[in-house]
J.: 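First the structure, which I've put down as structure tokens, then a few questions once you've had a look.
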Amino acid sequence: MKQSAETLAWAEKIGASIRARRKSLGLSLEELSRLSGSTIPTLSHIERGTRDLKLSTLVSLSLALRTELPALFQPDTLSPENLPDTLPDTGPDTSPETGQGGYNLEDD
């Protein structure tokens, strides 16, 4: 199915937001893949705006990137000078990647 120009424009904006946030956190695509559960090729397509996204993928990415979901729709809020150091504590991360709270990528 062919995407509309408006859909493609949003996909590019969201992809640019995801890439900006990932880079501001110093994460590689491989690290974001492990944190979010998305494959590296999928993340690459998302960042380039060539992949249609499911809501569940967006939620997983926002959690992995430690940002609020609406921020992914507002690219200007993700520039380095506008990024918060941390988000409010929402409880421990019990994702299968770490099994504990936090972002320790060395646990693997």
Side-chain angles (χ1 to χ4, degrees):
M1 180 163 89
K2 187 171 180 164
Q3 295 180 347
S4 71
E6 186 174 326
T7 300
L8 290 172
W10 272 107
E12 289 175 5
K13 287 179 189 178
I14 293 168
S17 293
I18 291 168
R19 176 180 284 133
R21 180 63 174 161
R22 174 179 63 81
K23 288 187 173 194
S24 74
L25 292 172
L27 295 173
S28 67
L29 281 172
E30 181 179 351
E31 291 166 329
L32 182 56
S33 173
R34 290 192 344 214
L35 293 169
S36 68
S38 294
T39 66
I40 293 171
T42 295
L43 291 171
S44 180
H45 279 284
I46 289 169
E47 287 189 353
R48 287 182 280 132
T50 59
R51 172 72 48 101
D52 221 355
L53 291 169
K54 297 187 306 186
L55 179 58
S56 60
T57 302
L58 279 172
V59 170
S60 294
L61 287 170
S62 70
L63 291 171
L65 293 168
R66 297 183 288 171
T67 192
E68 304 267 342
L69 182 60
L72 297 179
F73 294 88
Q74 302 165 351
D76 294 340
T77 64
L78 293 177
S79 60
E81 62 273 4
N82 293 327
L83 293 175
D85 292 330
T86 61
L87 287 176
D89 187 13
T90 58
D93 177 10
T94 57
S95 64
E97 290 83 10
T98 63
Q100 303 292 322
Y103 271 64
N104 189 349
L105 296 175
E106 305 303 321
D107 287 346
D108 291 335

J.: Are Leu25 and Val59 linked, directly or through intermediate hydrophobic residues, by side-chain heavy-atom contacts shorter than 4.5 Å (ILVMFWY only)?
T.: yes
J.: Measure the spacing between CD of Gln74 and CD1 of Ile14 and express it to the nearest 0.5 Å.
T.: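 With rounding to 0.5 Å, CD (Gln74) is 11.0 Å from CD1 (Ile14).
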J.: Which distance, rounded to the nearest 0.5 Å, do you find between the CG of Leu58 and the NZ of Lys54?
T.: 11.0 Å
J.: Under the side chain to side chain donor-acceptor pair (under 3.5 Å) test, which residues partner Thr42, sequence neighbours left out?
T.: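 Scan of Thr42 (side chain to side chain donor-acceptor pair (under 3.5 Å), adjacent residues dropped) gives Thr39, Arg51.
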J.: With a 3.5 Å distance limit and no angle check, can you tell me whether Thr57 reaches the backbone of Leu53 through a side-chain donor-acceptor pair?
T.: no
J.: Would you confirm whether Glu31, through its side chain, and Ser28, through its main-chain N or O, come within 3.5 Å as a donor-acceptor pair?
T.: yes
J.: Quick check: does any side chain N or O of Ser44 sit under 3.5 Å from a backbone N or O of Pro41, one acting as donor and the other as acceptor?
T.: no
J.: Once you round to the nearest 0.5 Å, how far does CG of Leu72 lie from CG of Leu65?
T.: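 Rounded to the nearest 0.5 Å, the CG-CG separation comes to 6.5 Å.
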J.: Provide the closest heavy-atom pair for Trp10 versus Phe73 in the form atom of the first, atom of the second, distance.
T.: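 Of all heavy-atom pairs spanning Trp10 and Phe73, the closest is CZ3-O, 3.6 Å.
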J.: First locate atom NE2 of His45, then atom OG1 of Thr50, and finally report the distance between them rounded to the nearest 0.5 Å.
T.: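 If we round to the nearest 0.5 Å, His45:NE2 and Thr50:OG1 are 5.0 Å apart.
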J.: Going from CG on Leu43 to CG on Leu32, what distance comes out if it is rounded to the nearest 0.5 angstrom?
T.: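 If we round to the nearest 0.5 Å, Leu43:CG and Leu32:CG are 5.0 Å apart.
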J.: Could you tell me the separation between the CD1 atom of Ile46 and the OG atom of Ser17, rounded to the nearest 0.5 Å?
T.: 12.5 Å
J.: How would you list, by chain and number, every residue that makes a side chain to side chain donor-acceptor pair (under 3.5 Å) with Ser4, sequence neighbours excluded?
T.: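 Scan of Ser4 (side chain to side chain donor-acceptor pair (under 3.5 Å), adjacent residues dropped) gives Thr7.
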J.: Check whether any side-chain N or O of Ser33 sits under 3.5 Å from a backbone N or O of Ser38 as a donor-acceptor pair, and report yes or no.
T.: yes
J.: Would Thr67 and Leu61 count as a side chain to side chain contact (heavy atoms under 4.5 Å, CB included) here? Give the steps.
T.: CA-CA 9 Å; Thr67 192; Leu61 287 170; over 6 Å; no
J.: Among pairs that include at least one residue of residues 39-48, which meet salt bridge (Lys or Arg N to Asp or Glu O under 4.0 Å), considering only residues two or more places apart or in two chains?
T.: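 The answer is Arg19-Glu47, Arg22-Glu47.
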